[in-house]
Each structure stands twice: as C-alpha cells, then as structure tokens.
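First up is the structure itself, then whatever we jot down about it.
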Amino acid sequence: MEGGSGNNSAPPSTTFDKSKVLDVKPLRTLVPVFPSSPQTPPFVCAPPSGPFPTGFTPFYPFNGPQPNPPDLNQQTHTPAPLRSFRAPLSNGEVSRDGNADGSIDAPTKRPVGRPRSTSSQKKAKKDLDVALSVANTKFVVGISFSQKQDGDREVVNSVRMRFDALRRRLSRLEDPKESVSRADLKAGKILMKKGARTNARKRVGVVPGVEIGDIFFFRIEMLLVGLHAQSMAGIDCMVVRGEIEDLLAVSIVSSGGYDDEAEDKDVLIYSGHGGNVNSNKKDKQIADQKLERGNLAMERSLHRNNEVRVIRGMKDSISATAKVYVYDGLYRIQESWVEKGKSGCNIFKYKLLRLPGQPSAFAVWKSIQQWREGFSSRVGLILPDLTSGAESIPVSLVNDVDEEKGPAYFTYVATVKYIKPFKLMEPSYGCNCRSACAPGDLNCSCNRKNGGDFPYTANGVLVSRRPLVHECGPTCPCIPNCKNRVSQTGLKVRLEVFKTKDRGWGLRSWDPIRAGTFICEYSGEVIEKVKTRQDGEGEDDDYVFDTTRVYEPFKWNCEPGIVEEDNNDTTEEYNIPSPLIISAKNAGNVARFMNHSCNPNVFWQPVAYEQNNESYVRIAFFALRHIPPMTELTYDYGTTCTDEADGNNALHGKKKCLCGSPRCRGHFG
DNA sequence: GTACGTTCATTCAG
DNA sequence: CCTGAATGAACGTA
C-alpha cells in the first residue's frame, strides 16, 4: 500500500514473477520507469517523538460524546468581541434561537397571477413537511450557542457533512409521488430551524473554520457556515455601529448571472444588483440600478477599504445547471463606476483586487482548465496516462517536487483479480429489470437485497454507508448504465498520481468531488495472507487492503428519523460475508497510491454483485466530504490486530503517520 | 448536450 | 410583523 516512499524504489522485475500477472486481460503495463534519485529511506518505525492524542475521532461526530466538547453547555451570551465589524447579538438572533416553533406551513404570498400548485401536490408537500417537523424532535443538534455564533474547522465540517447527508437522504426519495424537490432547501431549512449552523454572526473578513479553497455545491451550504448569509442575493452586507452607522459589504458571490469579468485570477469586475437585469419576473423592464442595499454597501466598503470575501461560482459538470462555488479568500474594492449596460441602463461596477499572500484557490481551477484544454502543459508531467488506456479516462503521473521519475514497476489492472465468490444465504440470480432499475421498485431483487433502499441518488452519489451495498451484476439484464452499477463503470473523476513532499506518491483529483462520489475500487490480487518480513517472505507487502484490520468507526449517514418512513437499519458497520485481502503490490490501480490519513477525505465501502450466479465483494472508495481539486485523497488504513502478548513489539509493521491531522494517532498499518 | 424559460422555493433586510 | 428582492436550482422544452 502506498504509504510512503520506501516501496517505490524496488527493482522492477526481480522481486516478483511477472508472467503470473501478464497473461490476463485487460491488463496494461505501466511504462517501466526507474527512480533516478538515490533510494529514499524506508518508513521509520521510531517511537512517537511527542504526545499523541488518544480518543481520536476522524471528524466531529454528529452526535454522541465528543472528545473535548467545546462550550457545549454554555448558554450565556459571550460578550461581543471588541474587534470592529463584528455583528452584536441582536434581539432577532436570540428570539430566532428561542422559539423554533416550526410554523413551516405559514402561508407565503405569491405574486398575483402566478399559477398555483394543485391541491394534491400541496397536500403531499404538507404531509411531508409535517413528517419532517415531527422528525425534528428527535434530532440531536450538538452545536453549542457559542459554536453557533463563532465556529471553527471542526464545527464547520460537521455542519457541512450533516447538511449533505441530510440532503442526500431527502433526495433519495425518488418515488415521484413523494419526491422532494429542492432537497437542498429542505435540508437547509431543517438545519436552520434546529440551529445546526455556525458563524451565524456576520463579520468582515475571515470566517473561522472556513478555508480558502473550500467548495460548496449549494448556496444554502455557504449560509449554514456563515460564509455568505444570503440564500440568493449576490452581495451580503451588514450594519456596523461606530461613531457613525455604516453599511459594509462582507461577501459577494460571482456566479455569472450578471456581466462580470472573472477572467483574471486576482481581479474581479463585479456588477451591482437590481434593475431587473436577471429578474425572474415576467416583465423584463430594465431599469437603472439604484445606489441602495448591496450596491450602497459596496460603495461604503470602497471608502472604508474593508476586506470582502469573494466566492466564485462555476458550472459543475454533474449536470447542465449545477454549480460549484469556490471560496477564493479576501479581496478589497479598488474602484467603482457606473456604465451603460446592453440595454442602455446604468449598472454599477466594482473592481476588486485579491489580497496578496493567500493560498491560491480559483487560480488552481484556472490552471486545471488550461491543462485540460491543452493551452499550457502540466509542470512535472511524466506520463499523460499511467493506465495506458486501461481506464476510460486518463490518469496523469506528475512529479513537481523532485527528480524521481515514477513509482516502482507494477501492472495496471482496472479491477480486482482472483476474486473468490461467497455463498449467499439464499441463492440469487440478479434482477429481471429490462431497462434501468427503478428506485422503489420492489419487483427488482437487487432493490430488495438493499432493503428497498436504493443506494445511490440520481446523480450516482452514495446516499449512506451500509453493511453491504448490493449492485446489479453482469448477469442482471438491466442496461449497463443502470443507476445501481456505480462502482463498476470505471473512473469518472479525473485523477493524477503525484509525488508528495514526504509521503511518497499520492493521489489527487483535477475535478471537484462531492461527498459520496465514487472514486475508485481497490484493485489488485486477492491473497490469503499478508506477507511480512517476519514470515520470511522477503520484504513487507505495503500495498495491501485488508478487511480484517481494525477501522476507526465514524458517522457519515444522516441521523435516523429525519424522514418518517426512514426506519431502515442505519448501521454503518460493515458486514462482509468473508474476509477479503487484496494485494496491489504487483498489480493494482490508482487506489494503491492513496495514502493514509487519520483525518481522511475518502472511505471504503464493501459492494457486492453477482456474476454467473455467484456473489462477489469488492472494495469501493467514496468521498467522505466535498474535496476541492488538487487536494490529496486519503483514507484510514486501519490497524492490524497486533497480539501484544506474543512478545513482539506492538508497533511491528506499523508506520509513523505523517498525516498532520490534529487528531493524528501517530502510527498506522 | 446546451440554452433558455418556468416554477417553486428560502432568507434576510427594510 | 409583513413584504418583496435576490448572481437558485430543478426540470421541461427546443
């Protein structure tokens, strides 16, 4: 397993029998490349040099005990910080927290003449709302008052993951009669009402826990973490009270709806709002923009010279209208002017400059776009496709940190080999669906095996972790792009294998990745037992995936009871019919390059499907949270069950962890 | 597959 | 408290 640099310098052809792996299709061999640099040292097994925290949890748990609950019971108002531009606790804020009375059926005024929903639709919607409202009472928030006002990284991640878990769960209901439209809004509404948000107090500048480069797929997500507190409007502003009361812009979203110029990575020409430029009203009356609200705030911020957060919105490839938002850090407004728009009406324009010294975010996206279009070459590119066509999309091999020309020789296999079937409790011959298997169709035996709970959303995103995901297999008659074949259809995310600074080769993506996205399976050769030096088997096999290791439990699924009929087993403990050990030392795919982290962004999930009336289990990797482009992909390797009573060093075979997470366990493997 | 219109939402400011 | 503006998002149609 790629855990460090120690394995990458083995001579390519002397340590294993190539013929054994070269006669099976569809194999592609990686062009042999030899490290030109001196051998890098193998993994150090030195004892930890400092105190390592115990009681690790991979991320802030949704509920249940927390290692160090920060201010969990604090109910008193924290005094408003003396820092300028921080919104004081308003009465409105307190009252919103206090009386979440759930009046979700409050009538909303519609513009006259707008067609109204049919009564049956309204009834269905109301029923669902009531169900959601009832479910809310069981909902454990676990976010303290002070965390709601001012967050940190853990709270921000917790809110974002909880939002998406809930959104996926709500959008899973694909029976058209019960379909939830705008699951994002529904999930956001529930979380808002329960106070499961953070950084609710507006502020100028940095939002604690939100990092430059963070990505969002819904406006509501940015609202929940306090990055941009408007559900639709592009300019967010706040009133500051000082010697004179002032209105300041705090954040803007550049989404392409207006005539912005967003070509330069450090400069943004932003248009003011209003004038019905992009109104969804029937009358396309275009008017001059007025110096009010957001426009006024931008003008005041120009004179005050305060920092303005900039979020860049872009088209997401997942669908025609989907967007992805990238937090690009702090800018300052340099100048403003008024110009005539296409229709001849006045439009406010603002020129913003990015503050220097910030990590790049949008610039990374620009570079990737250039590489894709071939306008610029990737620095340090060694191979455009290390799979030699074994995958349907290329995987680049890149080294921009040193001279090493590639990992040690291995054979690229897109899927696992020598896999053994396991016996099912009851024999199964796949489903009988003619076209695509339909979620909710209990005539489909694959659906029944999944407890009637379709594992994926319409976008092919995993809804929840479960003991075993049952996909349709090669002998199911449904169409090849049936939605229940996500892990069999090959790579969808554009990946690259790259040289890390201190952990050998690693894996990362050019594409932004939504939580729950399938990344790859763990390919390789199924083996009976892990080879170790101790057993006289030569060197340790570090490219191993082993289901019998001990894995740190973590919570990924949405809380049970959010949706009324959602009473299925929500356990996230895996149930694998028989242990599975895969070695990718000699043959494997991109998964062999994924490094370990104690705070990973990827997790594995066993997936079963049938072939010739037998069932097989494979290991599929999914994104644990949203992953920005060029962020290293990591998962938790787990730990071997070391028998400490046998006199051996309990750390034998374990490797010093370099993941750098605050909750690092110190060792892994 | 993209482009555009329609529809139904939500939050916050005024 | 009430109202409406607002650089949403999904979906249907061309």
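We name chains A, B, ... by the order of the sequence lines, and we start the count at 1 in each one. For the numbers below, each heavy atom of this structure counts, side chains included, while hydrogens, waters and symmetry mates do not.
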message: Taking Watson-Crick (N1-N3 plus N6-O4 or O6-N4) and G-U wobble (N1-O2, O6-N3), each under 3.5 Å, can you produce the dot-bracket string of DNA chain C? Use [ ] for crossing pairs and | for inter-strand ones.
response: .|||||.|||||||
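Taking A:D236 as the reference, A:K202 meet the salt bridge (charged side-chain N to carboxylate O under 4.0 Å, His left out) condition, with sequence neighbours excluded. Scanning for ring-ring contact (aromatic ring centres under 6.0 Å, His included) contacts around A:Y327 gives an empty result, with sequence neighbours left out. Looking at residues two or more places apart in sequence or on another chain, you find a side-chain contact (heavy atoms from CB on, under 4.5 Å) between A:N447 and A:D441, A:C444, A:F454. For A:H228, there are no ring-ring contact (aromatic ring centres under 6.0 Å, His included) partners two or more places apart in sequence or in a different chain. In this structure A:E211 satisfies the side chain to side chain donor-acceptor pair (under 3.5 Å) test together with A:R153, sequence neighbours excluded.
Side-chain proximity of A:Q230 to B:dT10, B:dA13, C:dA6: nearest is B:dA13. Comparing C:dA6, B:dC12, B:dA9 by their nearest atom to the side chain of A:R293 picks out C:dA6. The nucleotide whose nearest atom lies closest to any side-chain atom of A:L223 is, among B:dC12, C:dT7, C:dA6, B:dC12. Side-chain proximity of A:R182 to C:dT7, B:dT10, C:dA10: nearest is C:dA10.
Nucleic acid contact class of A:D236 (heavy atoms, under 4.0 Å, all strands): none. Note on A:I252: nothing from the nucleic acid sits closer than 4.0 angstrom, heavy atoms only. Contact annotation for A:S319: no contact, since no heavy-atom pair falls under 4.0 Å across all strands.
Taking the side chain as every heavy atom from C-beta outward, A:K265 and A:S367 never approach each other to under 4.5 Å.
For A:Y350 and A:Y270, the gap between ring centers reaches or exceeds 6.0 Å. Checked against the 6.0 Å centroid criterion, the rings of A:H626 and A:F217 qualify as a close aromatic pair.
One can place CD1 of A:I235 at 10 Å from C1' of C:dA6, the figure rounded to the nearest angstrom. Atom-to-atom, NZ of A:K315 to C1' of C:dA9 comes out at 15 Å; the value is rounded to the nearest Å. Rounded to whole Å, the distance from CZ on A:F218 to P on C:dA10 is 5 Å. If you take CG of A:N459 and P of C:dA9, they are 13 Å apart, rounded to a whole angstrom. Whole-Å rounding puts the A:N199 CG to B:dC12 P distance at 14 Å. In this structure, A:K186 places its NZ atom 7 Å from P of B:dA9, rounding to the nearest Å. Look at CG on A:L170: it is 15 Å from C1' on B:dA9, rounded to the nearest Å. Across the protein-nucleic acid pair, A:D316 atom CG and B:dT2 atom P stand 12 Å apart, rounded to whole Å.
Along DNA chain C, the nucleotide nearest to A:Y270 and the one nearest to A:T321 differ in position, and the one closer to the 5' end is contacted by A:Y270. In terms of position along DNA chain B, the nucleotide closest to A:A320 lies nearer the 5' end than the nucleotide closest to the other residue of the pair A:A229 and A:A320. Of the two residues near DNA chain B, A:I220 and A:L247, the one whose nearest nucleotide lies more 5' is A:I220.
In this structure, A:Y350 does not reach the C:dT7 phosphate: none of its side-chain N or O atoms is under 4.0 Å from OP1 or OP2. Contact check, A:K202 against B:dA13: a side-chain N or O comes under 4.0 Å of OP1 or OP2.
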